[in-house]
Number of protein chains: 2
Amino acid sequence: MQQSGLKAPARIPSDPIQRAWVALGRVSQSVQCEVESALKDAGLPELSWYTVLWELERAGTPTRPKDLAIPLFILPYQLSRLVDRMEKDGLVKRIACKEDKRGHLLEPTAKGFALRKAMWAVYAPAMEEALKRINDKEALELARLLNKLGGIEHVDCGDKG
Amino acid sequence: MQQSGLKAPARIPSDPIQRAWVALGRVSQSVQCEVESALKDAGLPELSWYTVLWELERAGTPTRPKDLAIPLFILPYQLSRLVDRMEKDGLVKRIACKEDKRGHLLEPTAKGFALRKAMWAVYAPAMEEALKRINDKEALELARLLNKLGGIEHVDCGDKG
DNA sequence: CCCTGATTGTTGCATGCGCAACCAAAACTC
DNA sequence: GAGTTTTGGTTGCGCATGCAACAATCAGGG
């Protein structure tokens with residue numbers, strides 16, 4: 001009396017999958033935390049602020065929130081409030097959008113540019129430190145596996161010099 | 001006039017390191033989100049609740065918060081409030097600790113056991129689904145690289161049957 | 001025993017977040 | 001071009017979170 005083998009869609013993840021899941025959760029939390037701490041200790045804002053500033057800078061031109069929300073993996077209302085805070089701190093400004101009066105364009109201020117640069121000066125070494133246990137070859141292999149896992153294409157992360 | 005090469009501690013992460021960093025951030029967020037959504041859609045609480053219940057169940061005996069906080073990568077005040085909510089829902093109970101009157105022991109209730117089981121029925125397939133793009137061999141390699149990166153030893157993640 | 005210091009756990013407060021409702025402008029339909 | 005739907009973005013509310021201060025107990029001297 002053999003079971004069909006087609007009915008049961010392996011409901012229990014294999015041990016290797018479970019190991020990968022656990023490692024992913026713990027290690028990402030751990031390194032994320034390390035870098036965030038470095039920024040906080042330097043009296044700088046959190047990484048999401050950097051990412052917004054970096055995306056705006058990279059775009060090179062005032063950008064709609066909706067065009068930022070997707071690459072940032074962020075929900076519209078999250079971005080809305082993030083921009084609220086950043087605008088209050090004078091890092092970005094909302095400027096009117098003539099083509100679509102519902103929205104607006106986001107543009108970093110001089111202070112915004114300066115802050116991104118200051119953050120990178122802390123962010124970069126912190127990233128280096130957090131990932132120091134693997135070498136470049138391992139890092140590439142790790143990135144490859146992660147991207148295969150997530151089906152995500154390559155994106156830049158920050159300043160190159 | 002050659003630079004010493006000893007002074008400058010590579011402050012800019014190499015491209016492979018940056019790629020690994022970005023991939024780690026995005027992919028971990030993405031798969032974490034996927035699994036949390038599955039639980040939410042099933043009307044179940046979030047993963048941290050599962051993890052607490054699982055650790056308690058795994059211990060097999062009433063356990064001090066401090067002995068949970070470390071393996072859970074959680075701060076004492078976070079655990080304190082998490083237990084508040086779980087206790088209010090009748091999933092765990094705080095029982096007096098004779099040896100140390102400062103603290104107490106945590107014990108899952110019958111409802112707590114049942115909930116963990118119900119969550120695993122959703123959690124396991126969701127994990128499987130979220131990680132389906134890699135096979136077992138790749139998962140092992142991924143786990144190995146992540147653990148090397150984080151310097152973290154193996155831990156179980158949940159029910160095996 | 002009393003004093004000091006470390007450990008264990010909780011809490012007040014301000015801030016942040018998720019959700020669902022909401023508004024205004026655009027786009028589409030007839 | 002009035003009516004409906006969709007899109008872009010914000011907001012009120014309740015809950016969660018981080019931080020720093022706090023209380024209570026324990027442990028180790030003198």
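In what follows, every chain begins at residue 1, and chains take the letters A, B, ... in the order their sequences are listed. Because the structure is predicted, anything quoted here is derived from the model rather than measured.
- One interatomic measurement links the two molecules: NE2 of B/His104 to P of D/dT25, which rounds to 14 Å at whole-angstrom precision.
- The bend of the helix from C/dC1-D/dG30 to C/dC30-D/dG1, defined by the angle between the axes of its first five and last five pairs, stands at 10° to the nearest 10°.
- In summary, A/Arg19 and A/Asp15 engage in a salt bridge, as defined by a charged side-chain N under 4.0 Å from a carboxylate O.
- Atom CG of residue A/Leu75 and atom CG of residue A/Leu82 lie 12.0 Å apart, to the nearest 0.5 angstrom.
- With rounding to the nearest 0.5 Å, the separation of OG in A/Ser14 from CE in B/Met127 is 10.0 Å.
- Remark: A/Arg94 is in phosphate contact with D/dT10, judged by side-chain N or O atoms under 4.0 Å from OP1 or OP2.
- To the nearest 0.5 Å, atom CD of residue A/Glu138 and atom NZ of residue B/Lys148 are 3.5 Å apart.
- To the nearest 0.5 Å, the span separating CD1 on B/Ile17 from NZ on A/Lys132 amounts to 12.0 Å.
- Summarising the geometry of B/Cys97 relative to B/His104, their closest heavy-atom pair is CB-CA, 3.7 Å, with the distance given to 0.1 Å.
- A salt bridge between B/Lys93 and B/Glu87 is absent, with no side-chain N of the basic residue lying under 4.0 Å from a carboxylate O of the acidic one.
- Atoms CG and CZ, on B/Leu146 and A/Arg133 in that order, are 12.5 Å from each other to the nearest 0.5 Å.
- If you measure from atom CD of A/Glu99 to atom P of D/dG8, you get 14 Å, rounded to the nearest angstrom.
- Rounded to whole Å, atom P of D/dC15 lies 14 Å from atom CG of B/Asp84.
- Using a 4.0 Å heavy-atom distance criterion, B/Arg81 is classed as a base contact.
- In this structure, B/Thr109 contributes its side chain and B/Leu91 its backbone to a donor-acceptor pair below 3.5 Å.
- Between A/Asp100 and A/Arg85, the residue anchored nearer the 5' end of DNA chain C, judged by the nucleotide with its closest heavy atom, is A/Arg85.
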Produce the list of close N/O pairs, under 3.5 Å, pairing protein atoms with atoms of nucleotides 1-5 of chain D; give distances to one decimal.
none

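- Dashed line: the shortest gap from a side-chain N or O of B/Gln78 to OP1 or OP2 of D/dA16 is not under 4.0 Å.
- In this structure, A/Lys40 reaches the D/dC19 phosphate: one of its side-chain N or O atoms is under 4.0 Å from OP1 or OP2.
- Among the nucleotides D/dG18, D/dG8, D/dG9, the one closest to any side-chain atom of A/Pro65 is D/dG9.
- A sub-4.0 Å separation between OP1 or OP2 of D/dA27 and a side-chain N or O of B/Arg102 is absent.
- Protein atom OH of A/Tyr77 is 17 Å distant from nucleotide atom P of D/dG14, rounded to whole Å.
- At whole-Å resolution of the value, NZ in A/Lys88 and C1' in D/dT10 are 16 Å apart.
- Atom CD in A/Glu36 sits roughly 14 Å away from atom C1' in D/dT17 (whole-Å rounding).
- Reading DNA chain C from its 5' end, the first and the last nucleotide to sit under 4.0 Å from a heavy atom of chain B are C/dT7 to C/dC19.
- Taking atom CG of A/Leu75 as the reference point, atom P of D/dG8 lies 14 Å away to the nearest angstrom.
- The shortest non-hydrogen separation linking A/Ala139 to B/Ala20 is O-CB, 3.7 Å.
- Between B/Lys101 and D/dT25, a side-chain N or O to OP1/OP2 separation shorter than 4.0 Å is absent.
- Between A/Tyr123 and B/Trp21, the side chains place a donor N or O and an acceptor N or O closer than 3.5 Å (distance only, hydrogens not considered).
- Judged by distance alone, with hydrogens and angles left aside, A/Arg64 brings no side-chain donor or acceptor close enough to the base of D/dG9 to form a pair under 3.5 Å.
- In this entry the distance linking CE of A/Met86 with P of D/dT10 reads 14 Å, nearest Å.
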Salt bridge (charged side-chain N to carboxylate O under 4.0 Å, His left out) between A/Arg64 and A/Asp100, worked out: CA-CA 10 Å; A/Arg64 299 281 300 268; A/Asp100 187 341; 3.3 Å; yes
